[in-house]
Amino acid sequence: MRIVFIGPPGAGKGTQAERLVARYQLAHLSTGEMLRVACEAKTAVGIKADKYMNGGQLVPDELIIEVIRERLGQPDCKIGYLLDGFPRTIAQGEALDSMLDEWHSPLSVVLELHVPEEELLKRLAARGREDDRPEVIRLRLESYRSQTEPLLEYYDAKGLLRRLDGSGTVDDVFSQARAVLDSLVTSGSNRSHR
Ligand code: ADP
């Protein structure tokens, strides 16, 4: 399976992503994590990304698209993957589509983890990561609303979007996600028998 996982900061996407990749044996491609490692190691990508990340802004599309193109070409992605934090803009979504077209490997599904804004602010305030300072949180939420949310419609128009209600417990959200993915596995195997 090739999955895109979209959700605002504080929705619990990282936690669900960990569980999903373990259960379905997927490569976990977290762009936030990849960029944090690059910053730490002071690679060329990391040095460019650093100032955007600390300011709560998205890094430039060209930069992250190249990181993902390179990553998706690695052998572990052949078994399937979960894209966690990419795409985050329509331009990134379009770039991903053209890569996947080129490789004849379309997405299986796009999962949206939906959490009401009030609940997000509460959760983020309790978390305390370097880029979780209140003014940076506000910017990250704004960039989600203005740049990432349009992707939901983009994928819905392609019939790929499934929404999960992220306001419940970790177990509850995970079982919603399993229901969606298990139904894909079933319909996929039916198709192959035709
Ligand atoms: P969040 O906690 O908001 O989900 P991540 O851990 O996914 O954040 O990412 C941290 C930061 O890395 C983002 O605020 C952004 O600066 C940068 N980043 C991660 N993924 C992308 C992307 N696809 N496009 C642009 N910037 C990204």
Side-chain angles (χ1 to χ4, degrees), residues 2-21 26-73 77 81-100 107 110-117 119-152 154-155 164 166-167 170 173 177:
R2 290 176 288 271
I3 305 169
V4 164
F5 198 17
I6 299 179
K13 191 158 54 72
T15 308
Q16 296 298 328
E18 293 294 344
R19 289 201 172 193
L20 288 169
V21 298
L26 305 164
H28 185 187
L29 276 52
S30 160
T31 44
E33 194 53 40
M34 288 157 72
L35 289 171
R36 279 189 287 277
V37 168
C39 287
E40 196 73 9
K42 298 201 162 42
T43 64
V45 166
I47 289 165
K48 281 188 206 149
D50 197 43
K51 64 171 187 286
Y52 299 97
M53 294 177 73
N54 279 313
Q57 282 180 291
L58 297 183
V59 307
D61 286 334
E62 316 79 69
L63 186 70
I64 195 70
I65 289 166
E66 270 323 295
V67 169
I68 280 292
R69 176 186 287 282
E70 199 264 329
R71 184 65 187 87
L72 285 176
C77 290
Y81 51 79
L82 181 84
L83 277 168
D84 169 5
F86 182 94
R88 260 208 184 50
T89 63
I90 294 279
Q92 292 178 18
E94 289 172 346
L96 178 64
D97 275 350
S98 65
M99 283 180 229
L100 299 185
L107 291 174
V110 175
L111 299 176
E112 177 201 1
L113 188 54
H114 185 83
V115 177
E117 177 119 359
E119 175 68 22
L120 288 178
L121 289 169
K122 257 193 265 167
R123 293 187 192 177
L124 285 163
R127 193 160 78 168
R129 205 170 66 189
E130 163 71 3
D131 56 353
D132 280 345
R133 283 166 286 135
E135 68 280 14
V136 179
I137 288 175
R138 197 175 50 73
L139 290 170
R140 281 166 52 219
L141 279 174
E142 266 175 33
S143 97
Y144 182 77
R145 297 285 174 240
S146 64
Q147 295 177 271
T148 306
E149 270 188 353
L151 274 172
L152 300 175
Y154 175 85
Y155 285 124
L164 311 176
S167 57
V170 170
V173 177

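Just so you know, ligand 1 is whichever comes first in the structure, and atom 1 is the first atom listed for that ligand.
By the salt bridge (Lys or Arg N to Asp or Glu O under 4.0 Å) test, Glu142 pairs with Arg138, sequence neighbours left out. For Tyr81, the side-chain hydrogen bond (donor to acceptor under 3.5 Å, both in side chains) criterion is met by no residue, not counting sequence neighbours.
Taking a cut-off of under 4.0 Å to the non-hydrogen atoms of Thr31, the atoms of ligand 1 that pass are 19 (C), 20 (N), 21 (C), 23 (N). Close contacts of ligand 1 with Arg36, meaning ligand atoms under 4.0 Å from a residue heavy atom, involve 6 (O), 10 (C). Every atom of ligand 1 is numbered from 1 in the order shown, and the set under 4.0 Å from a heavy atom of Ile64 is 22 (C), 23 (N), 24 (N). Shown in contact with Gly85 at under 4.0 Å from a heavy atom are these atoms of ligand 1, numbered in order with element: 20 (N), 21 (C), 22 (C), 23 (N). Near Leu35, meaning under 4.0 Å from one of its heavy atoms, ligand 1 places the atoms 12 (O), 17 (C), 18 (N), 19 (C), 27 (C). Atom numbering of ligand 1 starts at 1 in the shown order; those under 4.0 Å from a heavy atom of Gln92 are 22 (C), 23 (N), 24 (N), 25 (C).
Considering backbone and side-chain N/O atoms, Arg88 comes within less than 3.5 Å of an N/O atom of ligand 1.
Remark: minimum distance from atom 11 (C) of ligand 1 to any protein heavy atom is reached at Met53 CE, 3.7 Å. Nearest protein neighbour of atom 3 (O) of ligand 1, counting heavy atoms only, is Arg140 NH2, 3.0 Å. With respect to atom 26 (N) of ligand 1, the closest heavy atom belonging to the protein is Val59 N, 3.0 Å. In terms of protein heavy atoms, atom 15 (C) of ligand 1 is closest to Gln57 O, 3.6 Å.
Annotation: side chain of Tyr155 is in contact with side chain of Leu107 (closest heavy-atom distance under 4.5 Å). Contact of the Ile3 side chain with the Leu20 side chain is not registered, since no non-hydrogen atoms from C-beta on lie closer than 4.5 Å.
At distances below 3.5 Å, not a single donor-acceptor pair connects side-chain atoms of Arg140 with backbone N or O atoms of Ile137. Ser167 contributes no side-chain N or O that, together with a main-chain N or O of Val115, makes up a donor-acceptor pair within less than 3.5 Å.
Of the inter-residue distances, the one linking Arg19 atom CZ with Leu82 atom CG reads 14.5 Å to the nearest 0.5 angstrom. Separating the CG atom in Leu83 from the CD1 atom in Ile6 is a distance of 10.0 Å, to the nearest 0.5 Å.
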